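Numbers for residues simply follow the sequence, beginning at 1. Note that the structure is predicted; figures quoted are calculated from it, not measured.
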Amino acid sequence: MSVLRNIEHKIEGLFEGVFGRAFRTHVQPVELARKLVKEMEDHKVISVSRVYAPNEYTVYLGPSDREQFASYEESLRTELQDYIAENARRERYELLSPPEVKFETDDDLEMGEFGIATRMVQGPVPQPGAPEPAGPPGATMVYRKPVETEAVSAEELGLAREIVSLTVDDTKHELDGGRAVIGRSKDCDIQLADPNVSRKHAEVRQEGAAYWVVDLDSTNGMEVNGRRQKRAKLRQGDRITLGSTELVFRRETEPEA
């Protein structure tokens, strides 16, 4: 049996026995391990002679999921770090320091949802040719438990189509494809003529049944309902401020003909 599989068994074993039932509707520890490795793969950087991978991983959990891990969090964190390190060794990735996993609570996440943000943090001894260390964690990938039913459209269910939009200065922009990049660049889905807005400032994206807005490392940051945030789950009527421009998020049902 491989070392990775051994560590997976240890992670699963942390929650076996009388505690096993508690996690049937919550985030599973082994699920975290596999998604952390996926984020490592997705954010690796190829240098001249090496492949570098992130060495810091921040896991965002909803309040109920974080509470479930409370008594075992330190053990789980250690096992997840071992899992990441072993995958890096197997794939021959360079890490700027031993991997570190952090847990944070995010009130916007529902039971079974979790987010992962990664970054490269310079270790105590810089390595020749290593990429520049990153600043604060960037966009967070949010994972949601799949629904065990066949996906169908609203039209197939006989329901009215849902319209998701962002309104800017009385101009309504519908989100086609579940995402929209916002900024000054002509390549953006929603272009803003605001000098305080970055070329690619923020993105609204669909994650499962929810919509999120994510700051794309803009110069002047982003506010949602007057609160400065890097990412936020959107609800009907939420107001997103980029530079001096305000966008209003709406989810509406298309009126029947």
Side-chain angles (χ1 to χ4, degrees), residues 1-44 51-125 127 133-146 148 207-208 230-231 233:
M1 182 179 294
S2 69
V3 175
L4 275 177
R5 189 62 189 148
N6 268 323
I7 298 174
E8 276 192 18
H9 276 303
K10 289 175 71 177
I11 294 171
E12 289 171 335
L14 286 173
F15 301 93
E16 287 180 351
V18 295
F19 296 100
R21 292 183 182 178
F23 294 94
R24 288 180 181 172
T25 57
H26 290 76
V27 174
Q28 297 286 336
V30 74
E31 184 181 10
L32 290 177
R34 290 166 182 166
K35 295 303 185 185
L36 284 167
V37 165
K38 181 181 185 301
E39 290 301 304
M40 170 181 276
E41 297 290 335
D42 290 347
H43 293 90
K44 62 180 182 287
V51 178
Y52 291 90
N55 57 333
E56 183 180 282
Y57 299 78
T58 304
V59 178
Y60 296 92
L61 297 165
S64 61
D65 283 313
R66 182 77 186 275
E67 184 180 356
Q68 294 292 331
F69 295 146
S71 301
Y72 304 88
E73 189 172 288
E74 191 57 35
S75 296
L76 177 59
R77 194 170 73 88
T78 300
E79 295 295 346
L80 291 174
Q81 290 172 169
D82 290 345
Y83 191 76
I84 293 168
E86 180 56 35
N87 186 76
R89 282 191 290 270
R90 187 181 67 172
E91 299 295 335
R92 298 184 178 179
Y93 295 156
E94 295 282 344
L95 301 178
L96 300 183
S97 68
E100 181 179 9
V101 174
K102 301 178 178 180
F103 288 101
E104 297 287 348
T105 301
D106 188 331
D107 292 334
D108 287 331
L109 291 172
E110 298 175 1
M111 181 187 298
E113 294 181 338
F114 63 95
I116 299 175
T118 66
R119 66 173 183 166
M120 293 187 189
V121 182
Q122 186 66 67
V125 181
Q127 300 184 37
T140 304
M141 185 62 190
V142 176
Y143 293 95
R144 186 172 181 271
K145 282 184 176 293
E148 295 181 357
E207 298 285 354
K230 287 289 291 182
R231 54 184 290 276
K233 189 174 184 178

- Who are the side chain to side chain donor-acceptor pair (under 3.5 Å) partners of Glu104, not counting sequence neighbours? none
- Taking every heavy atom of Ala33 against every heavy atom of Tyr83, the minimum-distance pair comes out as O-CE2, 3.4 Å
- Nearest heavy atoms of Pro29 and Leu76, plus distance in Å: CB-CD1, 3.8 Å
- Task: Give a yes or no on whether the backbone of Pro63 and the side-chain of Asp107 come within a donor-acceptor separation of less than 3.5 Å.
- Result: no
- Kindly give the heavy-atom pair with the smallest separation between Tyr93 and Lys44, and that separation in Å. OH-CD, 3.6 Å
- Query: Between Gln81 (side chain) and Val101 (backbone), is there a donor-acceptor pair under 3.5 Å?
  - Reply: yes
- What are the two closest non-hydrogen atoms of Glu113 and Val27, and how far apart are they? O-CG2, 3.9 Å
- Query: From Phe114 CZ over to Lys35 NZ, what is the distance, rounded to the nearest 0.5 angstrom?
  - Reply: 6.5 Å
- Item | Minimum side-chain heavy-atom gap Phe69-Leu32 below 4.5 Å | yes
- Task: Kindly compute the distance separating CZ (Arg66) from CG (Asp106), expressed to the nearest 0.5 Å.
- Result: 11.0 Å
- Query: Between Ser97 and Asn55, what is the shortest heavy-atom contact and its length?
  - Reply: OG-ND2, 2.6 Å
- Task: Evaluate the side-chain proximity of Val51 to Glu91: yes if any heavy-atom separation is below 4.5 Å, no if none is.
- Result: no
- Stepwise side-chain contact (heavy atoms from CB on, under 4.5 Å) check, Arg77 with Leu80: CA-CA 5 Å; Arg77 194 170 73 88; Leu80 291 174; 5.8 Å; no
- To the nearest 0.5 Å, how far apart are CD in Gln68 and CE in Met111? 7.5 Å
- Message: Between Asn87 (side chain only) and Val37 (backbone N and O only), is there a donor and an acceptor less than 3.5 Å apart?
- Response: no
- Query: Ion pair present between Glu41 and Lys38, side-chain N to carboxylate O less than 4.0 angstrom?
  - Reply: no
- Task: Kindly determine whether Ile84 and Tyr57 satisfy side-chain contact (heavy atoms from CB on, under 4.5 Å), including the steps that lead there.
- Result: CA-CA 10 Å; Ile84 293 168; Tyr57 299 78; 3.8 Å; yes
- Considering only heavy atoms from C-beta outward, does the side chain of Ile116 approach that of Leu36 to under 4.5 Å? yes
- Item | Pairing residues for Glu100 by the salt bridge (charged side-chain N to carboxylate O under 4.0 Å, His left out) criterion, not counting sequence neighbours | none
- Note on the structure: Closest non-hydrogen contact found for Thr118 with Glu39 is CG2-CB, 3.8 Å
- Derivation of the side-chain contact (heavy atoms from CB on, under 4.5 Å) call for Val30 and Arg34: CA-CA 6 Å; Val30 74; Arg34 290 166 182 166; 3.9 Å; yes
- Contact check, side chains of His43 and Arg119, non-hydrogen atoms, under 4.5 Å: no
